[in-house]
Amino acid sequence: MKQEMSLMVVFLILIVYDLFASENLKKYFQPVACLLFLAHTIYGFFPQAVGTSFAGMYVCYGAEISMKNILNIGVLLVLLQSNGWLSKEDTSFKRGEFFMLTLLTLFGMYLMISSGNFILFYIGLETASLPMAALAAFDKYKNNSAEAGAKYIFNAVFSSACLLFGLSFLYGACGTFYFEDLATCVYSTPLLVMSLVFISVGLFFKISLVPFHFWTADVYQGAPTNVTAYLSTISKGAAVFALMAILYKVFGNMYDEWQNMLWWIVLITITVGNLFAMRQTNLKRFLAFSSVSQAGYIALAVLAGSVQGMASTMYYILVYIFSNMAAFGVINAIETKTGKVDMTDYNGLYKTNPKLALAMMISVFSLGGIPPLAGFFSKFFVFTAAAAQGQYLLVLFALLNTIISLYYYLLVVKAMFINPNETPIEKFNSDGYMKISLVFCMIGLIVVGFARGIYEYLSLVGFGA
Amino acid sequence: MDFLSLFVLVPILMLVGFLPCKNIRQIRTVAVIGSSILLGLSVALVCMFIGERAAGNTAEMLFTFDRVWFPTLNIHYSVGVDGVSVVMLLLSSIIVFTGVFASWNQQPLTKEFFMWLILLATGVFGFFISVDLFTMLLFYEVALIPMYLLIGVWGTGKKEYSAMKLTLMLMGGSALMMVGIFGIYFNSAGSTGTFTFNLQEIAQNGIPIEAQRIFFPLTFIGFGVLGAMFPFHTWSPDGHASAPTAVSMLHAGVLMKLGGYGCYRVAICLMPQAAHEQSWFFLILTGISVVYGAFGACVQKDLKYINAYSSVSHCGLVLFAILMLNETAMTGAFMQMLSHGLMTALFFALIGMIYGRTHTRDIREMGGLMRIMPFLSVSYVIAGLASLGLPGFSGFVSEMMIFVGSFQHTDMFHRVFTVVACSSIVITAVYILRVVGKILFGGVQNEHHKTLTDATWFEKIAVVTLIVCITGIGFFPSFVSDIIKGSLTIMTSW
């Protein structure tokens, strides 16, 4: 409960600040907001009371707290990286709105993760997705952004409908919405299988697993880069956490059913995501498909359904947040400065902007699972969790797919380091916030893997199906 | 801090040392100091190892150090060496040392070049000292990825294609291997009840034969890709031909040995029963590698391609010998690794030096180099003679041991394949002598070549070091083979 409280405090302070501060004082909005959120993030790491409240409606144990902490780190990075983009003329007057909407969606995600009841879960889900559409359409005078907002809202509504449909079956069969009561009454009847499928599909849309990924590329490309980063890491991560909580807590008895379902989903998600990513030239679309395939790896860990699976999922998402935020940070910095987002624009980047090129290289190597970066460890743990359940075949497919993914990640590296270019992107200095966030990501990518405490802690708090 | 971890620590310190370097002189200084320390360390390790063994220490792994890393998965940072890894460490440090001298004038982006090169070396050293499958895999992949940029940025010819092909094929191998490693891990409990990544514990606990049958081929092929086993060898000629000199040296000299070493240490030592059952299949593949590689070398016109195909042939011989599963052949296999590593590094170094002068590697455009650059040419002849197995050089000893060991199998299948593999010696003579005759003797093809100069002092250091090692092993093979053999008796006692 502490984290929700503190988030609300931050939210309220900022809303008052944004509404009542003079123009002169508003210059300090970005640093104040970032510092407040930093305080909130740090506060989340302090020990806090665990247990359930509101008669089991709200659940908060070690696992939930860790999930929120992971999301907090990601949001902090998003907020830091937003400065360059928000300082532009056509967005600077909306700076406050961006923070409000972001924090609001984060609050919704907290509720999703911590819910012990489907009503609260649904409220959280909607709180998380409606402001998200507003964020996607933030640059509303740019056609792409408006289109992205529209596409996102349609998909959000459609997935909500699926979810509600599934919930109605569940309620019809069991007569309750409390996870604890449901867990004892759920067993594999056709009706409940339908319910499982529809509820999962609702969340698969959010995680953008194939075949529910069609909105991903357009929304990612159209939305402002900073929002894309938010969508691809935090929003996806929260949805995975929610899916995991529901599958493990509510549908624990139907392990075989959802494992079968996820088996195929994982297989096609990884493959399709990879195959489509190979041909992309726009880096935002490229990362969109790369994140589709990454979602497949995350789902692979969810599939394991064990404590280890849960720990590796959380760990994977933490690492994924660092890698993706670094990649999007570089794209964001360059786009803000020059407006270029094509892979060919990145040719020869190392000659002019070596540090950005290095950051990009480290992040794509981490996404590709190259040691000694954290991505290697997270992939290894995910595969171990799946192999522990005897899923060798799926692990083999996933591993063969990492080769395809390495191919297109290397294309980016090739563009930056090898391809010649007459007119490379000129040397420039990104702003301090961006630098801090990129440095933080790099430290995360190098340290998180070797630090044994993180994974050990996550396996301590995790729970299985 | 234990002694073996220094092999990883020194390269990492070198990487840090490169960062503040301003000019090429400082970079060279750091590189030379670091690689000399590594060479010194490995020589010291050999002495210490012989001392320990002489003192009667019969433990399988010496100088061990173990620290828990991820307790939930029972992952340890665990290092230790037996005779085989000592020899491999010695080889690696020699190649790194000479590689530094061979890339003395590497331009452009010198600092980046050396940093990637040393990162690669970090992976190689780490791989050879690991006795934990997880750390082994980690270092293995650390060694692979720098290749992409080393070839892609500093290479020649169709470098981007070669770099991508090499990286993806080797990563494919590592994907298969990783499944194999998971299979090993989840069948490693034995009677103890806990899964383990530790090689020795797995070997003690034993893996059920059903699991061995599935995971042996995965692991063997996975490492075999790096060992250039037919039909997964195709990355090797392109990769070697496009790579800059030092990278070809390191890659053919050391990195391909990771494959053979891994096949032995992981696939065969951990899953011996499956190895006995399935060795026939892989013997066929490696037999093809041996002969096919040699024939391939006969028809190439590019010096580097010739040598790359010859590497396929020689590395095939390593895997071939390992699969014979007896002590003599295996000792020969590791002798061959050492000898081929030194020989091929010498070859690539010389080719790089010749190419740096003539700006061509096409054997049709060169001739009469013996008169123009006698030092390099004589060295080339020495390398060639060592490669075709002339007594007095390391190649003779290793091939002799391999074929003697192989012939100890009395059945028809092994005999036939031994004879087939033996024929590669003749073919090797054909392509080596063809090249030597073509480029070193005869008339000068290009008037411009007459103005070229002979080797400089730093090139001589690299070449002489390698030649000394090759002849040293040729005259005193027992020095090395005793180190290796001592460890194999423990391993081959199934």
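What you see is a predicted model, and the numbers here were worked out from it, not measured in a lab. Every chain is numbered from 1, with letters handed out A, B, ... down the list of sequences.
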Review point. Using non-hydrogen atoms only, which part of A:Tyr455 is less than 4.5 Å away from chain B: side chain, backbone, both, or neither?
Key: side chain
Study note, to complete from the structure: dist B:Ile151:CD1 -> A:Ile418:CD1 (nearest 0.5 Å) comes out at 10.0 Å
Check your understanding: Going by heavy atoms in the side chains, are A:Phe377 and B:Leu138 under 4.5 Å from each other?
Key -> yes
Exercise for review: Counting only heavy atoms closer than 4.5 Å, note whether A:Ala451 contacts chain B via side chain, backbone, both or neither.
Suggested key: backbone
Revision key, fill the gap. Exactly one candidate in A:Leu399, A:Thr402, A:Thr384, A:Leu396 meets side-chain contact (heavy atoms from CB on, under 4.5 Å) with B:Met178; the answer is A:Leu399
Exercise for review: Just give me the residue among A:Pro372, A:Ala388, A:Gly369, A:Ser459 that pairs up with chain B most often, heavy atom to heavy atom, under 4.5 Å.
Suggested key: A:Ala388
Check your understanding: Parallel, tilted or perpendicular: which fits the ring planes of A:Phe380 and B:Phe134, with parallel below 30° and perpendicular above 60°?
Key -> perpendicular
Point to revise | chain A contact via B:Ile75 - which portion, at a heavy-atom distance below 4.5 Å | key: side chain
Review point. Side chain, backbone, both or neither: which part of B:Met164 has an atom under 4.5 Å from a heavy atom of chain A?
Key: side chain
Practice item. Select, from A:Phe417, A:Tyr350, A:Tyr392, the one with the greatest count of heavy-atom pairs under 4.5 Å involving chain B. Key: A:Tyr392
Point to revise | Pick from B:Glu160, B:Lys159, B:Met169, B:Glu141 with the largest number of heavy-atom pairs that fall under 4.5 Å of chain A | key: B:Glu141
Review point. What residue, out of A:Leu400, A:Val395, A:Ile370, has the most heavy-atom pairs lying under 4.5 Å from chain B?
Key: A:Ile370
Check your understanding: Can you say whether B:Leu168 sits under 4.5 Å from chain A via the side chain, the backbone, both, or neither, judging by heavy atoms?
Key -> both
Check your understanding: If only atom types and distance count, is the side chain of A:Arg452 paired as donor or acceptor with the main-chain N or O of B:Pro71 below 3.5 Å?
Key -> no
